[in-house]
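Chain letters run A, B, ... following the sequence lines, proteins first, then strands; residues in each count from 1.
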Protein chains: 2
Amino acid sequence: MRAQDMPAVRNLPLFAGVQDDSFEELVSAALFQHFPPQVRLIHEGDSADFLYILVEGSVELFACNDGRETSMAIIEPTSAFILAAVLSDAVCLMSARTLTPSRLLMIPAEHIKRHFAEDKMFAVAIATELSKAYRQLVKMHKEAKLRPATERLANYLLRLAASHGEASSFTLPADKRTIAALLSMTPENLSRSFGALNAHGVRIQGPVVHIDKPDALIAFAKPNPLIDDPEIGLSSR
Amino acid sequence: MRAQDMPAVRNLPLFAGVQDDSFEELVSAALFQHFPPQVRLIHEGDSADFLYILVEGSVELFACNDGRETSMAIIEPTSAFILAAVLSDAVCLMSARTLTPSRLLMIPAEHIKRHFAEDKMFAVAIATELSKAYRQLVKMHKEAKLRPATERLANYLLRLAASHGEASSFTLPADKRTIAALLSMTPENLSRSFGALNAHGVRIQGPVVHIDKPDALIAFAKPNPLIDDPEIGLSSR
DNA sequence: ACTCTCTCTTGATATTTATCAAGCAATTGG
DNA sequence: CCAATTGCTTGATAAATATCAAGAGAGAGT
């Protein structure tokens, strides 16, 4: 692991209250690995042997049932994942694969669980993270149940813009096919929905989105803080 | 609060590791209230002032957006709710209302947060509960994204049967209209889906479901442990 | 017993979303 | 440079789901 990557990991809310020596212990037990794109890191149903921390690149969480597959989240640095599975000592409910070349810190589950049981500050930080992760998932589920497809896309674009400092242009965090799955639509319908958003000030150039008329898009999307506001400080799944 | 209700609350996994005196402190600060059916307990967007514990009756968690409303969960005793909002010191993402006459213990959020910060065992128990709640929600979201409506219903019936000790008959936990919203369908389509399940050994008599041919229903539903298995010990939302 | 109300069901229709089938553009590999 | 592949788009069609409109049945109140 590169020295310059260290601060980002150390500064995760997850490790906020833990002592330096405890943190050192966790990191020294960890593996640090590079992966090319499209590498399957986790197979759903497997036991959760590591807490993964994405240091660079991007990772997709996805899930399958009866021949279908859908995307559950796109993860960007610096962010931990399968925290809940590690703590529950349970099998993973989601699979994970790299989308781009990625570097990951993998902390053995046993170490996480031991520190969790022994270190009050760590337990508090984990509970705080999990409560935010839970709330984020509630928001996702509300969106899925309460919005039609094109509105989901419109609000997703607004959230992306917000996460890029309200930039009027930004690049999609994954292939359109992956974005489509994330938004519970087919690639065909994503394409058509992008077309429909043209009338509301959105322009697409390959992987880059231009929001030419933010007000028009907002008027169409009707964003709702109880769905669209991010959980501040959330960096775990 | 009735003396006979105490053990069920005390035995919640949430309080498993807390000392008796701490538990007494929490309970003595709490309100205990009866509510008739259809009473709004929580409005989404309001701050989370209490951790609610349902002692008797049933409560629906639901959410609204842009004139639509959907059901997020049906809660039965003994179970705590809005734990995540209380810990995050944030507004509620879901509303709550009683479905039947209900009795609830309401523990002020401040007390929960103080004990959480001070009592390691409580923090550990909360994190453990939240990780299970998170995983339960992942399962719900997977189901919503990966299964068509009638299959969702079929698996829901199998889960209800399992929770009733694999009983071949049981009563639905809420009005069909609420069940429909929970399964992301209209009442009309729920009705038609029940009709479709007739061919797979399901018989409906008002609010009671008979599973006459469990094997046929299972063959149709194709249950998946990574969606349908309950998180054991989960009693919080 | 009798409305009245409410919930659920059923049928007809509309809308939304998915699937299938080309086709096009960009990229990759020879 | 030229296939060949890949990712996306577009159009036509099919399937799933929602909406609208009655109507039937059960329970509540008079």
**Q** How many angstroms lie between atom NE2 of His34(A) and atom CD of Glu56(A), to the nearest 0.5 angstrom?
**A** 8.0 Å

**Q** Please tell me which of the listed nucleotides, dT10(C), dT19(C), dT17(C), lies nearest to the side chain of Glu188(B)?
**A** dT10(C)

**Q** Expressed in angstrom and rounded to an integer, what is the separation of Lys176(A) atom NZ from dA26(C) atom C1'?
**A**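 Roughly 12 Å, once rounded to whole Å.
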
**Q** Report the distance from atom CD of Glu151(A) to atom P of dT17(C), rounded to the nearest whole Å.
**A** 10 Å

**Q** Does a distance-only test, which skips hydrogens and angles, find a donor-acceptor pair under 3.5 Å between the side chain of Arg192(B) and the base of dT19(D)?
**A** yes

**Q** Can you check the Leu153(A) CG to dT9(D) P distance for me, whole Å?
**A**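 Leu153(A) atom CG is separated from dT9(D) atom P by 11 Å.
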
**Q** Calculate the interatomic distance between Asn189(B) atom CG and dA12(C) atom P; express it in whole Å.
**A** 16 Å

**Q** In terms of side-chain geometry, is the basic nitrogen of Glu231(A) or Lys132(A) positioned less than 4.0 Å from the acidic oxygen of its partner?
**A**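 Here Glu231(A) does not pair with Lys132(A) in a salt bridge, since their nearest N and O are not under 4.0 Å apart.
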
**Q** Could you state the CD1-C1' distance from Ile204(B) to dT7(C), rounded to the nearest angstrom?
**A**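 So the CD1-C1' distance, Ile204(B) to dT7(C), works out to 15 Å.
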
**Q** Expressed as a whole number of angstroms, how long is the span from Gln38(A):CD to dG7(D):C1'?
**A** 13 Å

**Q** State the CG-OH distance between Leu160(B) and Tyr156(B), to the nearest 0.5 angstrom.
**A**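 With rounding to 0.5 Å, CG (Leu160(B)) is 4.5 Å from OH (Tyr156(B)).
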
**Q** Can you check the Ile179(A) CD1 to dG7(D) P distance for me, whole Å?
**A**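 Whole-Å distance recorded here is 14 Å.
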
**Q** Which nucleotide in the list dT17(D), dG7(D), dC8(C) gets nearest to the side chain of Ala149(B)?
**A** dT17(D)

**Q** Would you indicate which nucleotide in dA18(D), dT7(C), dT17(C) comes nearest to any side-chain atom of Arg177(B)?
**A** dT7(C)

**Q** At their closest point, which heavy atom of Pro37(B) faces which heavy atom of Thr98(B), and how far apart are they?
**A**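 Pro37(B) and Thr98(B) have their closest heavy atoms at C-OG1, 3.3 Å.
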
**Q** Send over the distance from Arg152(A) CZ to dT16(C) C1', rounded to a whole Å.
**A** 11 Å

